[in-house]
Novice: 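Structure incoming, see below.
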Amino acid sequence: MSTMLVVEDLSAVGGISLSAALPVLTAMQYEVAALPTSLLSTHTSGYGTPAVVDLADWLPRFFQHWTQAELKIDQALIGYLGSVPLCQLVTQYLAQQPLDLLVVDPVLGDLGKLYQGFDQQYVDAMRDLIKHADVILPNTTEAALLTGMPYQENPDLTAILPALQQQLKPGAHAVITDVQRGKEIGCAWLDDHGTVQFYGQPRLPGHYNGTGDTLAAVIAGLLGQGVDLAAALKRANQWLHLAVAETIAQQRTDERQGIALGQLLRAILSVH
Ligand code: ATP
Ligand code: MG
């Protein structure tokens, strides 16, 4: 078993981010080191303003203890961080770890806008963090913010993917996670020849919380097991499609709760 460090917020209610990554990666046979960067009473979509505790003061003590305990971390997945100090602390710590995989979901914004509370300084801190990554998973908005290119709902992938790659170390991969092609939604990336690749699944009606977080956890888990990038993205999109379909089939009365994980976890366990 290998140890996957997951660094992102923990929302008590709403079933996304760390609450979704933990079961997914546990089902994939990882020992998960779950590091919340902030605690929220709920996630930020639909419940009003949550009570938030920023854990930036706590993080250095955490890292210090792990160093003393000689904890060995094999892979890491970084999601929502939330402040420049948190981003810098995580970057400094990870730069010292001999990881065999670092996946960063550079959570900055959506629908062409930065999330509330973020500014250019935060974008710059994220640019520093992704220099250490093996794979980054921006959505279209984040791809625009990281490259400084204007936001377009359907960007020219032959321009934006190479611009993203330039921000990364050699051999690392940028994957845009919410690309729409015709009736499909999925991921776009460059293959070893620099050619744009896309893998999608039919887009189902509606918008659901936690799709991006869960997709990132599945991709990190598969890559950490040595699955190659194209195969990992294909399988991750198929599994996310299952999860969204299950969420729709549940005919939920509360649309705020993150996507259903039951079918996804069954699919994961059927191959583990
Ligand atoms: P976030 O907004 O959380 O950062 P994201 O913008 O990176 O996430 P999403 O739009 O949430 O990405 O999509 C992530 C993945 O979830 C897609 O690649 C797809 O596999 C799946 N997905 C999302 N929405 C749908 C949908 N309506 N129907 C089918 N699959 C979906
Ligand atoms: Mg999105």
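Whatever order the structure lists them in is the order used to number ligands and atoms, beginning at 1. Each residue takes its place number in the sequence, starting with 1.
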Novice: Going by the order shown, which atoms of ligand 1 are within less than 4.0 Å of some heavy atom of Gly206?
Specialist: 27 (N)
Novice: What are the two closest heavy atoms between Gln201 and Tyr199, and how far apart are they?
Specialist: NE2-OH, 2.9 Å
Novice: Only heavy atoms count here, so choose which of Asp178, Thr177, Thr211 is nearest to atom 17 (C) of ligand 1.
Specialist: Thr177
Novice: Could you tell me whether some N/O pair between His241 and ligand 1 is separated by less than 3.5 angstrom?
Specialist: no
Novice: Geometry only, no angles: is Ile185 polar-contacting ligand 1 at N/O separations under 3.5 Å?
Specialist: no
Novice: So Tyr93 and Trp66, would you call those rings parallel, tilted or perpendicular, with 30° and 60° as cut-offs?
Specialist: tilted
Novice: For Gln116, does the CD atom sit with more than 12 other heavy atoms under 6.0 Å from it, leaving out its own atoms?
Specialist: no
Novice: Of the backbone atoms (N, CA, C, O) and the side-chain heavy atoms from C-beta on, which set of Leu240 has a member under 4.0 Å from an atom of ligand 1: side chain, backbone, both, or neither?
Specialist: side chain
Novice: Could you grab the distance from atom CD1 of Ile78 to atom OG1 of Thr37, nearest 0.5 Å is fine?
Specialist: 9.5 Å
Novice: With respect to Asn237, determine whether any N or O atom, backbone or side chain, lies less than 3.5 Å from an N or O atom of ligand 1.
Specialist: yes
Novice: If the cut-off is 4.0 Å to any non-hydrogen atom of Gly212, which atoms of ligand 1 fall inside it?
Specialist: 3 (O), 8 (O), 11 (O)
Novice: Tell me which one of Asn139, Ile219, Val244 gets a heavy atom nearest to atom 4 (O) of ligand 1.
Specialist: Asn139
Novice: Considering residues, nucleotides and ligands other than Lys169, do more than 12 of their heavy atoms fall under 6.0 Å from its NZ?
Specialist: yes
Novice: Under a plain distance cut-off of 3.5 Å, with no hydrogens placed, do Thr140 and Asp178 share a side-chain donor-acceptor pair?
Specialist: yes
Novice: Under a 4.5 Å cut-off applied to non-hydrogen side-chain atoms, are Leu35 and Phe63 in contact?
Specialist: yes
Novice: Can you list the ligand 1 atoms lying under 4.0 Å from a non-hydrogen atom of Asp110?
Specialist: 2 (O)
